[in-house]
Amino acid sequence: MESIDFCTFIENSSLYEEAEINIDLINSHGHVSLSAEMIPNFYCSSCARNQKFDLMKNGVSENYWNKTLSDIFRVVYRCRNCQNSYKTLSLRVVSANDRYNLGTGTHFVKVQKVGEFPERVIPIPKRIERLMGGDRKLFYKGLKCENLGMGIAAFAYYRRVIDSKKNVIFDEIIKVLKIDGSDELLIEELTAAKSETQFTKSIDRIKKALPNSLKIQGQDPLKLLYAALSEGLHSKQDEECLQNAKDIKIILFYLIEKIELALNDDDALKEAVKRLRK
């Protein structure tokens with residue numbers, strides 16, 4: 001298990017998902033110890049956007065931890081901007097001192113988020129909402145299941161949405177390819193793949209890779225989505241499905257963002273040419 005920092009854990013982890021964090025949560029007296037310098041970002045409903053949240057003074061319940069009983073402790077944060085919104089978390093120390101870095105004095109502690117109010121809000125870019133159209137409710141159900149740590153359910157919802165929206169995604173990619181008209185074969189493959197009902201089957205028909213402008217860290221995003229979706233629900237545990245569901249969402253967000261950037265750049269170029277040729 002790869003360790004993560006505490007803020008990444010409380011910002012992004014689903015309920016009941018175990019994570020190993022690289023911070024000394026347990027001090028020498030056995031108390032839960034958190035630093036006010038660790039400042040997470042949460043969605044603030046009053047500000048209607050992500051904001052930095054500060055640990056409240058006395059915002060950590062005074063629980064103890066020992067090897068036979070994993071205590072649950074409460075952490076309270078407040079929005080630094082409006083100071084009206086609060087985030088309350090219930091955290092469980094699963095195990096401590098399993099690994100210890102003598103060079104830094106850092107303990108690696110396994111923890112779970114077992115309660116969160118208000119629930120985690122995953123901001124959805126407007127371009128994603130437009131693409132989802134009538135499947136928006138299904139996508140939000142997937143997000144809800146992801147928040148609750150229900151990996152199989154989240155995976156199933158995301159896969160259903162991608163199967164439903166694959167032609168819309170392909171059409172957006174084709175728009176980008178038609179800007180310079182240099183890859184007619186890929187356009188033909190994408191057009192032919194639209195006849196398939198499932199996303200994975202449609203990708204089997206696409207042999208050419210997407211252009212570099214649409215790749216994510218040098219990888220074809222359609223192939224990445226295919227890898228996450230192709231194994232299905234039956235061969236994986238719930239924890240693995242949860243990670244796959246998160247990966248699907250991240251890759252989809254990045255792909256749509258790259259498509260929109262490519263199309264916007266083309267629109268901006270056309271406008272510049274139109275102004276300068278007068």
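Every heavy atom of this structure was used, including side-chain atoms; hydrogens, water molecules and symmetry mates were not. Index from 1, following the sequence. Every value quoted in this text rests on a predicted model; they were computed, and no experiment measured them.
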Donor-acceptor contact present, side-chain [X] to main-chain [Y], <3.5 Å:
X: Asn50; Y: Asn41; result: no
X: Arg127; Y: Glu257; result: no
X: Glu18; Y: Gln112; result: no
X: Ser14; Y: Glu146; result: yes
X: Asp54; Y: Arg78; result: no

Does atom [atom1] of [X] have more than 12 heavy-atom neighbours from other groups under 6.0 Å away?
X: Arg160; atom1: CZ; result: no
X: Lys223; atom1: NZ; result: yes
X: Lys215; atom1: NZ; result: yes
X: Lys208; atom1: NZ; result: yes

Verdict with reasoning, Leu186 to Ile206, per side chain to side chain contact (heavy atoms under 4.5 Å, CB included): CA-CA 7 Å; Leu186 181 53; Ile206 302 172; 3.9 Å; yes

Pair Tyr140-Glu129, side-chain donor/acceptor within less than 3.5 Å: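 Yes, because at least one side-chain N or O of Tyr140 sits under 3.5 Å from a partner of the opposite role on Glu129.
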
Distance-only polar pair, side chains of Glu240 and Asn244, donor-acceptor under 3.5 Å: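 No, no side-chain donor-acceptor pair sits under 3.5 Å.
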
Residue pair [X] / [Y]: nearest heavy atoms and the distance that separates them:
X: Gly142; Y: Tyr157; value: CA-CB, 3.6 Å
X: Arg80; Y: Gln83; value: O-CG, 3.8 Å
X: Gln51; Y: Asn81; value: NE2-ND2, 3.4 Å
X: Ala209; Y: Asp220; value: CA-OD2, 3.3 Å
X: Cys145; Y: Ala153; value: SG-CB, 3.6 Å
X: Gly149; Y: Leu242; value: CA-CD2, 4.1 Å

Tyr158 and Phe139 aromatic centres sub-6.0 Å: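 Tyr158 vs Phe139: aromatic centres under 6.0 Å.
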
Leu210/Leu177 under side chain to side chain contact (heavy atoms under 4.5 Å, CB included): CA gap, chis, key distance, verdict: CA-CA 9 Å; Leu210 294 188; Leu177 296 174; 5.5 Å; no

A side-chain contact here means heavy atoms from C-beta on lying under 4.5 Å apart; do [X] and [Y] qualify?
X: Met38; Y: Leu55; value: no
X: Ile10; Y: Val75; value: no
X: Leu224; Y: Leu255; value: no
X: Phe42; Y: Val121; value: no
X: Val161; Y: Leu138; value: yes
X: Leu263; Y: Val176; value: yes
X: Phe6; Y: Val111; value: no
X: Leu229; Y: Ile203; value: no

Full working for side chain to side chain contact (heavy atoms under 4.5 Å, CB included) between Ile124 and Phe253: CA-CA 9 Å; Ile124 306 300; Phe253 281 13; 3.7 Å; yes

With rounding to the nearest 0.5 Å, note down the distance linking [atom1] in [X] to [atom2] in [Y].
X: Lys141; Y: Met150; atom1: NZ; atom2: CE; value: 11.5 Å
X: Glu239; Y: Ile152; atom1: CD; atom2: CD1; value: 9.0 Å
X: Leu190; Y: Leu222; atom1: CG; atom2: CG; value: 7.0 Å
X: Ser230; Y: Arg159; atom1: OG; atom2: CZ; value: 10.0 Å
X: Glu188; Y: Ile174; atom1: CD; atom2: CD1; value: 10.5 Å
X: Lys113; Y: Tyr16; atom1: NZ; atom2: OH; value: 12.0 Å

Shared hydrophobic cluster for Ile248 and Ile250 (ILVMFWY, side-chain gaps under 4.5 Å):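 Looking at the clustering, Ile250 is in the same group as Ile248.
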
same_hphob_cluster(Met56, Tyr43) at 4.5 Å side-chain heavy-atom cutoff: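 The answer is no; the residues belong to distinct hydrophobic clusters.
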
From Glu116, Glu119, Glu11, residue fulfilling salt bridge (charged side-chain N to carboxylate O under 4.0 Å, His left out) relative to Lys87: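 That would be Glu116; it is the only one of Glu116, Glu119, Glu11 passing the salt bridge (charged side-chain N to carboxylate O under 4.0 Å, His left out) with Lys87.
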
Electrostatic pair Glu172-Lys175, nearest N-O below 4.0 angstrom: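 Counted as a salt bridge, because a side-chain N and a carboxylate O are separated by less than 4.0 Å.
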
Electrostatic pair Arg130-Glu260, nearest N-O below 4.0 angstrom: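 Yes, this pair counts.
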
Chi angles and distances behind the side chain to side chain contact (heavy atoms under 4.5 Å, CB included) call for Leu185, Asp183: CA-CA 5 Å; Leu185 180 56; Asp183 208 332; 4.3 Å; yes

Side-chain donor-acceptor pairs of residues 163-170 under 3.5 Å, sequence neighbours excluded:
unit_1, atom_1, unit_2, atom_2, d
Asp163, OD1, Phe199, N, 2.8
Ser164, OG, Asp135, OD2, 2.6
Lys165, NZ, Met132, O, 3.1
Lys166, NZ, Lys194, O, 3.1
Lys166, NZ, Glu196, O, 2.5
Asn167, ND2, Lys194, O, 3.4

Contacts of Lys52 that satisfy salt bridge (charged side-chain N to carboxylate O under 4.0 Å, His left out) - sequence neighbours left out: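 So Lys52 forms no salt bridge (charged side-chain N to carboxylate O under 4.0 Å, His left out) with any residue.
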
Contacts of Ser85 that satisfy side chain to side chain contact (heavy atoms under 4.5 Å, CB included) - sequence neighbours left out: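 Side chain to side chain contact (heavy atoms under 4.5 Å, CB included) check on Ser85 returns Cys44, Ser45, Ser46, Phe53, Cys79, Cys82.
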
Tyr254: which of Ile259, Ile216, Leu214 passes side chain to side chain contact (heavy atoms under 4.5 Å, CB included):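 Exactly one option meets the side chain to side chain contact (heavy atoms under 4.5 Å, CB included) with Tyr254, and it is Ile216.
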
